[in-house]
There are 2 protein chains.
Amino acid sequence: MSTQERRRRERETREQLFIQTAQDLIRREGLLHLQMSRLAEACDYATGTLYQHFSSKEDLLMAIATEDLKRRATAFEPIPGLPATSRERMLAVVLTDIDFISSHPDHFQLLQYVSTEVIWASASLERRQALVQAGAPISEVVSRVVADAIHAADLVGIPSLRPVEIAAGFWCLNTGMHTLAHTHGLLEAYAVRDPYALLIHHGHALLNGLGWQPLVDTGNTRAVIDEAERIRALLVRSANPESPAVTS
Amino acid sequence: MSTQERRRRERETREQLFIQTAQDLIRREGLLHLQMSRLAEACDYATGTLYQHFSSKEDLLMAIATEDLKRRATAFEPIPGLPATSRERMLAVVLTDIDFISSHPDHFQLLQYVSTEVIWASASLERRQALVQAGAPISEVVSRVVADAIHAADLVGIPSLRPVEIAAGFWCLNTGMHTLAHTHGLLEAYAVRDPYALLIHHGHALLNGLGWQPLVDTGNTRAVIDEAERIRALLVRSANPESPAVTS
DNA sequence: TCCGTAAAATGAATCAAGTTCAATTTTGCC
DNA sequence: GGCAAAATTGAACTTGATTCATTTTACGGA
């Protein structure tokens, strides 16, 4: 019976090896040049062994995207418990996403690619479900932040809109800006200089427009930047709970 | 000399035939199943002839996306001249985009696909430039709407934000909602019922948050819907300038 | 009208890469 | 140590995009 278990662990370990090596290859040579045979070789396995884990190349790509998405979701977890106002927590959502995507530039592009009809349809049902599931915790966290704000009366609930639909607005703004930032030719065409500073600005505008208290003066660029840095520090602290005493 | 010109026209006609037939095939059988040889056959040409026009399959896809994008851009043209308030014109931008994407469901997915690193890198420089160029008029129109609003004092300009950067916020919201609406599994995961009603709502919230006058009470769902219908009617009228007298 | 040349079109052959599977090797157990 | 089952291997297969030697067509001058 322990044999069974060890086998499963070894299999899992090897799958991680394939996924991580594939990520390395993609980082190094680009998604375009990823080849199944070369990936297998890089891992010292035969090509066929790859297909013990992934039903197709698209399946593999989706597995990579899913791994990253799980890590991305983890970054959101501490937010509902953050010692801050509900509005600051919502800003924390935006900042967390910005920072994750900024430090994982390949992730967003891969996610865009596998979300494409062509790739999506070529992957197995299990992988597709796993990808959707990996993203679900994020919308749950953000919805909770919205629900908490309504509960705290920082935000007046509108009967026709559930928390998840408010959350979706920020999802759109964020995803849209990632798209703008990562799609070739777009930043240049729009002549947008600093997409993520812009995202924070529009995020505040949307928060203000929803009447999310306390309102922020978006014209005061200094204050907006300072607040973002303050929330970032809070996020860093919550990510390393055992860090030494805070210094001012 | 007329021979030269006729040749060029014939060539252009044939390219359009290829592009339109390819669109038909995609609509009928999906992007996944588009094959160069079958497209050529469907047009009664040899496979090699396709490559007189498109350097690769990706090149062809980009050409299709570009054609659609040109048509999409055309839909925005009348907006700056619309007899309406600046805020209504901005709403017209959002509605025009919603309606175009709704009636061209394949367009957005194809555009997403060709914007992908993998496909982008496989297309020729000319096609990539053409795609970017085809989208530029849209951002120009929207920027003009923003600039006009500032000029009319409906919107207080912020020194650090140029009109195009305000426009980009709406681009993000729109593109994000299209993504949410068209990406498999997302609508279900977010449990969003009517993405485009939601987009209109958040669009108003963003407008309010930017202080774009006159502010709209987003809680008044009836009024929001009615206004959208009114603007849609205005758009239809401006698209068919020779239509018979308006009936109330 | 006919001819020769240049341009265009053709589609079978080539190529690349993902996928399969018969043969081989390894593993776990008696 | 030996055997059956499971896992691994990598060469062969498959699919479909791309090429290019050959054929056909178009054009302009005699």
Side-chain angles (χ1 to χ4, degrees), chain A residues 1-19 21-22 25-26 29-64 113-114 116 118-124 127, chain B residues 1-19 21-22 25-26 29-64 113-114 116 118-124 127:
Chain A
M1 44 189 133
S2 113
T3 294
Q4 283 278 309
E5 192 48 31
R6 178 179 52 90
R7 275 267 167 77
R8 235 164 56 78
R9 264 202 316 280
E10 284 175 357
R11 201 188 138 80
E12 179 56 28
T13 304
R14 193 171 63 180
E15 187 152 315
Q16 288 302 318
L17 171 68
F18 285 145
I19 289 176
T21 308
L25 285 176
I26 291 172
E29 312 181 0
L31 190 47
L32 185 60
H33 296 109
L34 183 69
Q35 277 174 238
M36 295 302 265
S37 54
R38 290 213 286 152
L39 170 59
E41 195 179 18
C43 298
D44 287 318
Y45 281 99
T47 312
T49 309
L50 267 179
Y51 287 83
Q52 297 280 332
H53 293 263
F54 312 105
S55 71
S56 67
K57 187 180 182 179
E58 287 75 21
D59 225 48
L60 163 67
L61 294 179
M62 204 155 277
I64 299 171
Y113 188 55
V114 301
T116 274
V118 174
I119 309 303
W120 186 267
S122 307
S124 67
R127 296 282 179 195
Chain B
M1 46 192 132
S2 114
T3 294
Q4 283 277 309
E5 192 47 32
R6 179 180 52 90
R7 274 269 168 76
R8 236 163 56 76
R9 263 203 315 279
E10 285 175 356
R11 200 188 138 81
E12 178 55 29
T13 303
R14 193 172 62 180
E15 188 153 315
Q16 288 302 319
L17 170 69
F18 286 145
I19 289 176
T21 308
L25 285 177
I26 291 172
E29 312 181 0
L31 190 48
L32 186 60
H33 296 110
L34 183 70
Q35 275 174 237
M36 296 302 266
S37 54
R38 291 213 285 153
L39 170 59
E41 195 179 16
C43 298
D44 288 318
Y45 280 100
T47 312
T49 309
L50 268 179
Y51 287 84
Q52 297 280 333
H53 293 263
F54 312 105
S55 71
S56 67
K57 186 179 181 179
E58 288 75 21
D59 225 49
L60 163 67
L61 294 179
M62 204 156 277
I64 300 171
Y113 188 55
V114 301
T116 274
V118 174
I119 309 303
W120 186 267
S122 307
S124 66
R127 295 284 178 193

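In what follows, chains carry the letters A, B, and so on, assigned in the order in which the sequence lines appear, proteins first and then strands, with residues in each chain numbered from 1. Both backbone and side-chain heavy atoms feed into the values below; hydrogens, waters and symmetry mates do not. Note that the structure is a prediction, hence the values are computed from the model and not measured.
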Asks: Taking only residues two or more places apart in sequence or in another chain, which ones pass salt bridge (Lys or Arg N to Asp or Glu O under 4.0 Å) with R14(B)?
Replies: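 Residues passing salt bridge (Lys or Arg N to Asp or Glu O under 4.0 Å) with R14(B): none at all.
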Asks: List the steps and the verdict of side-chain contact (heavy atoms from CB on, under 4.5 Å) for I19(A) and F54(A).
Replies: CA-CA 10 Å; I19(A) 289 176; F54(A) 312 105; 4.0 Å; yes
Asks: How is R11(B) classified with respect to the nucleic acid when contacts are heavy atoms under 4.0 Å: base, sugar-phosphate, or nothing?
Replies: nothing
Asks: Send over the distance from K57(A) NZ to dA16(C) P, rounded to a whole Å.
Replies: 15 Å
Asks: Could you check how far CD of Q52(A) sits from P of dT8(D), rounded to whole Å?
Replies: 6 Å
Asks: Are Q16(B) and E12(B) close enough that some pair of their side-chain heavy atoms sits under 4.5 Å apart?
Replies: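 Heavy-atom side-chain distance check passes, below 4.5 Å.
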Asks: Identify the two heavy atoms, one from A121(A) and one from L32(B), that lie closest to each other, and give their separation to 0.1 Å.
Replies: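 So the two residues come closest at CB-CD2, 4.1 Å.
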Asks: Using a heavy-atom distance cut-off of less than 4.0 Å, which residues of residues 42-51 of chain B contact DNA chain C?
Replies: Y45(B), A46(B), T47(B), G48(B), T49(B)
Asks: Between atom NE2 in H53(B) and atom P in dA8(C), what is the gap in whole Å?
Replies: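 Those two atoms, NE2 and P, are 10 Å apart.
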Asks: In whole angstroms, how far is the C1' atom of dA12(C) from the CD atom of E41(B)?
Replies: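 In whole Å, dA12(C) C1' and E41(B) CD are 15 Å from each other.
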Asks: To check you understand the geometry: which heavy-atom pair defines the closest contact between F18(A) and L39(A), and what is its length?
Replies: O-CD1, 3.9 Å
Asks: Check the distance between dA7(D)'s P and E10(A)'s CD and give it to me in whole angstrom.
Replies: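 It is 11 Å, rounded to the nearest whole Å.
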Asks: Under 4.0 Å between a side-chain N or O of R14(B) and OP1 or OP2 of dA9(C)?
Replies: yes
Asks: Identify the two heavy atoms, one from V114(B) and one from M62(B), that lie closest to each other, and give their separation to 0.1 Å.
Replies: O-CE, 3.5 Å
Asks: Going by heavy atoms closer than 4.0 Å, what residues in residues 32-40 of chain B are next to DNA chain D?
Replies: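 Correct list: L34(B), Q35(B), M36(B).
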Asks: Does Y51(B) have any ring-ring contact (aromatic ring centres under 6.0 Å, His included) partners at least two apart in sequence or in another chain, and if so, which?
Replies: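 Scan of Y51(B) (ring-ring contact (aromatic ring centres under 6.0 Å, His included), adjacent residues dropped) gives none.
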Asks: For R11(B), give me all partners under side-chain hydrogen bond (donor to acceptor under 3.5 Å, both in side chains), at least two apart in sequence or on another chain.
Replies: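 In terms of side-chain hydrogen bond (donor to acceptor under 3.5 Å, both in side chains), with neighbours along the sequence ignored, R11(B) is linked to no residue.
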Asks: Could you pull out all residues at least two apart from E58(B) that satisfy side-chain hydrogen bond (donor to acceptor under 3.5 Å, both in side chains)?
Replies: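 By the side-chain hydrogen bond (donor to acceptor under 3.5 Å, both in side chains) rule, E58(B) matches S56(B).
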Asks: Please report the distance, rounded to the nearest Å, between CD1 in I119(B) and P in dA17(D).
Replies: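 In whole Å, dA17(D) P lies 12 Å from I119(B) CD1.
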